[in-house]
Structure formats: structure tokens, C-alpha cells
Amino acid sequence: MATGRTTVTEAAVREALGKVRDEERGGDLVGLGMISGLTLRDGHVLFSIEVDPQRGPALEPLRQAAEKAVAALPGVLSVTAVLTAHRGSGAAAPAAAPAAAPRAAAPGGAQSRKLPVAGVGSIIAVASGKGGVGKSTTAVNLALGLAALGLRVGLLDADIYGPSMPRMTGITGKPSSPDGKSLDPKENYGLKVMSIGFLIDEETPMIWRGPMVQSALSQMLRDVNWGTLDVLVVDMPPGTGDAQLTMAQQVPLAGAVIVSTPQDIALLDARKGLNMFRKVDVPVLGIIENMSYFCCPNCGHRTDIFSHGGARAEAEKLGCDFLGEIPLDIAIRETSDSGHPIVVSAPDSPHAEAYRGIAARVWAKLRSGAGPVAPRIVIE
Ligand code: ADP
């Protein structure tokens, strides 16, 4: 097992995976070209196993066998393997825009504003068609899930109408400025965080007019010393109005994740969110169903209050991926509202695991090129 400072190499991981067989296809995972998006960082290993969507759930044992084979290597601290549908099979990210797609469709000179942010790999938006569906809760736990995979992660609270990241990340105080021009992000739980809530009093109602929205976002994105990040998660304002559209145009997004509750009405709103991103050529990485079912805190009994499964069905209908479901559970509310999100306060809970699974799927999609600015990660 791991001794001292042994570091695992990509070659060693490939060799281990080369011994895992897909009996149905009569070969090993490497030989069959099923491994993609292999990422190594400080002993944390992440990869996708590309499979035929028809075989889906039946391949869970294969996924587990692959994780087990890699976990046995010296120097491996964690392994995350995710099953992803074959690209081109029709099930994988049909919403993805080709990397070189012209952006002429984005009005208002958006193309020129879509300059990459120095040092930041992929920027993803977490959005919802309407407020109160748990978008911010999902954004913070998704960011922490990505960090748990060993990635360098930033979180930008662009919800200028109701910034909740100071509360959810447990961060207080104003960010400092080393030079009077740029701001240093605040940090907690290994995340670099910027929120308009650090700069204005949460209780002070702000009226935002169009140009103010643009300049606030641009400053929070570009005048912040993010350093080197693999992913920047942007918590968008809820809804699909002008402000949201402007943001979707301004930020060089690698993709968007839509959070929805299972009620049909919310799903109609989710559809609007999806269309908004498609309009500005941002690939939709998938839909997350939040408050999917109710977990009784006393007996653990599960109740499908909101006709569970709506988002999965809707995602299929809309031709975008379903990234996972999170139950309605008081532990999720209490932890995020008190500044100790469940991914860090109860990392062994099934809910934390669900968020990490979603994070792994999102990262696998970014790595497999679902987004136009998926970066190359430095391999040890
Ligand atoms: P939004 O950003 O969509 O407005 P929030 O993330 O602020 O929504 O969530 C609204 C409220 O619902 C918060 O009090 C939050 O803690 C709670 N909440 C969000 N997701 C869940 C969940 N899965 N289970 C329980 N409470 C949740």
C-alpha cells in the first residue's frame, strides 16, 4: 500500500485498468479504448469509462472493479470512476457546441467579452429557471465535491439579487486588495470565493440596473486574483431574464448545469434556463434534480413528495444529460444555511457522496470536451 511519498503515475493507472476486463465485449478497458479523461492530482485519480448507454446500470460492477484495481496501487488516495455514455451515441451531451462554433448569435459584442480568465481552466454556471429550488446549495456542494476530487476550485457568487455564499461558506469580512485595483478572494474549505455579499451589506436592498450588473460581474470575474484554478463555479441569479442572459454571454462558460425540483412547473422553468444557454452557445452539461424525494429525519423513510423523477424524464426529452438527484433533507438545509455544507461537514453521508458523484460527472464531461474551453490538466 501507499508508503511515504510514493506518487502514482498515469502509466501505472493505465496498466491497472488494462487488467480489468469487460467480459461482454471480450477485452480490457484500456485495449477497448473505454478510458477517457484520466486525471491525476496528488494521489487523487479520476477517469471516465465510456460505455454504450443501453448497458448503463448493468455496468456498475465493472465501474467498481476499475476503481478497486486503481485503489490498490501505491500512492493512490482516492479513485473516482464514472460511467459516461459514448460520445456520438446520441445520449452524450448533444447540447455541446463545437469548440470552434462561431458566436455570432450572441448579440451585444458578447464575443469580445468572452475572453478567457487568466489561470482559470473551465468556468461553469449553476443556474435555475426560478428562485428557491436550491441552486446556491447545489453550487456550493458541487464546488466542494469538485475540490474533493483534488481539483483547484473557485466559487463566484453572481447572484447579485440574493448573494448567499457568505452565509453558505461561513465566510465573513471584506476581501482585501493588495494593490487598490484587484481583490483577493476569500477562502474556506479549500475554495476560493468571491461574492457581492462580501462587498455590500446583505441586509441592504440593492437596485441593479443593466450596466451595473455587467460591471459588477466583470469585476468579480476579472479583477479577482483567482490564481490557478481547474474550475470556477458560478452561482447565477435565478431566472432567465435579461441579467441572466447578459451574464451567460459575458462569461466564457465551458458549460452550464441546471438545477430543478421535480415539479412540472419548475421543469418548465428549467426548460427556459436550458434554452437560454443554448441561445448563447453554452453547452448544457446536464440537469440536477434537487429536493428529489423526502428523507424523514426520524425514521429515514423515503417519500416522493414531488413526483420524483421528473427531471430525469425531462432531461431525456430535452436531449441533455441527467447528472443526479439530491433528496429534500433537513441535514442539507441546516448544514448549508449554517455555513458548513454537507460535503465537508458530513463527507461520509450518502448526500455528500451524491454531490461528489455529480461533481465527478461534471468534471468528466468537461474533460471529455463537452465544453469549448476544457483545459489540459497537468499530469504528474
Ligand atoms: P436558490 O439558490 O435556488 O434560491 P437555495 O440554495 O438558497 O435556493 O435554497 C433555498 C432553501 O432551501 C435554503 O434554505 C436551503 O438550505 C434549502 N435547500 C436547498 N436544497 C435543499 C435540499 N436538498 N434539502 C433541504 N433543504 C434544501
Side-chain angles (χ1 to χ4, degrees), residues 124-145 155-171 191 193 195-197 202-203 205-206 233-241 243-244 247 256-263 265-274 276 287-298 300-312 322-346 349-359:
I124 56 169
V126 178
S128 62
K130 63 168 195 174
V133 301
K135 170 184 57 60
S136 300
T137 305
T138 307
V140 72
N141 281 299
L142 171 63
L144 290 165
L155 179 58
L156 169 55
D157 183 0
D159 191 347
I160 48 171
Y161 304 109
S164 39
M165 284 313 159
R167 177 170 41 92
M168 290 193 176
T169 57
I171 297 176
L191 294 183
V193 187
S195 167
I196 199 82
E202 241 187 285
E203 304 299 311
M206 285 277 297
V233 176
V234 181
D235 184 17
M236 298 279 286
T240 53
Q244 291 80 356
M247 286 192 182
V257 166
I258 312 273
V259 181
S260 174
T261 57
Q263 299 103 306
I265 184 74
L267 288 169
L268 277 182
D269 286 314
R271 187 186 289 241
K272 277 192 229 153
L274 213 112
M276 176 178 84
I287 296 184
I288 298 171
E289 185 170 86
N290 189 37
M291 311 190 192
S292 185
Y293 52 92
F294 173 67
C295 276
C296 173
N298 299 320
H301 179 72
R302 167 182 171 148
T303 316
D304 292 346
I305 336 184
F306 297 129
S307 65
H308 158 257
R312 184 187 287 275
F322 180 72
L323 293 169
E325 59 191 25
I326 303 292
L328 176 67
D329 191 314
I330 191 157
I332 296 178
R333 191 194 68 69
E334 284 175 350
T335 51
S336 66
D337 288 353
S338 67
H340 306 94
I342 200 148
V343 169
V344 282
S345 59
S349 64
H351 304 332
E353 169 142 19
Y355 281 119
R356 283 195 301 269
I358 290 171

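Counting starts at 1 for both ligands and their atoms, in listed order.
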Only heavy atoms of Ser336, strictly under 4.0 Å: list the atoms of ligand 1 that pass. 16 (O)

Considering non-hydrogen atoms of the protein only, which is the closest contact for atom 26 (N) of ligand 1, and what is the distance? Arg333 CB, 3.3 Å

Ligand-residue contact atoms, ligand 1 with Pro327, heavy atoms, under 4.0 Å: 22 (C), 23 (N), 24 (N)

Sidechain-backbone polar pair: Ser345 side chain, His340 backbone, donor-acceptor under 3.5 Å: yes

If you count the atoms of ligand 1 from 1 in the order shown, which ones are under 4.0 Å from a heavy atom of Ile332? 21 (C), 22 (C), 23 (N), 24 (N)

Nearest-0.5 Å distance that lies between atom OG in Ser349 and atom CD1 in Ile332: 8.0 Å

Protein non-hydrogen atom found under 4.0 Å from atom 19 (C) of ligand 1: yes

Which atoms of ligand 1 are found less than 4.0 Å from any heavy atom of Val133? 3 (O)

Nitrogen or oxygen atoms of Gly132 and ligand 1 under 3.5 Å apart: yes

Distance under 4.0 Å to a non-hydrogen atom of Leu328: what atoms of ligand 1 satisfy this? 24 (N), 25 (C)

Going by distance only, is there an N or O of Gly131 that falls short of 3.5 Å from an N or O of ligand 1? no

Using distance alone, determine whether Asn290 and ligand 1 share an N or O pair under 3.5 Å. yes

Output yes when the distance from some N or O of ligand 1 to some N or O of Thr137 is under 3.5 Å, and no in every other case. yes

Does ligand 1 come near enough to Tyr355 that some N or O of the ligand is less than 3.5 Å from an N or O of the residue? no

If you have a sec, work out which protein heavy atom is nearest atom 8 (O) of ligand 1 and how many Å separate them, to one decimal? Gly134 N, 3.1 Å

How long is the gap from CD1 on Ile258 to CD on Glu289, to the nearest 0.5 Å? 14.0 Å

Would you check the N or O atoms of Asp329, main chain and side chain alike, for any that come under 3.5 Å of an N or O of ligand 1? yes

Do Ser164 and ligand 1 have an N or O pair less than 3.5 Å apart? no

Please identify which atoms of ligand 1 are closer than 4.0 Å to at least one heavy atom of Met168. 6 (O), 7 (O)

Would Asp159 count as a polar contact of ligand 1, with the cut-off being nitrogen or oxygen pairs under 3.5 Å? no

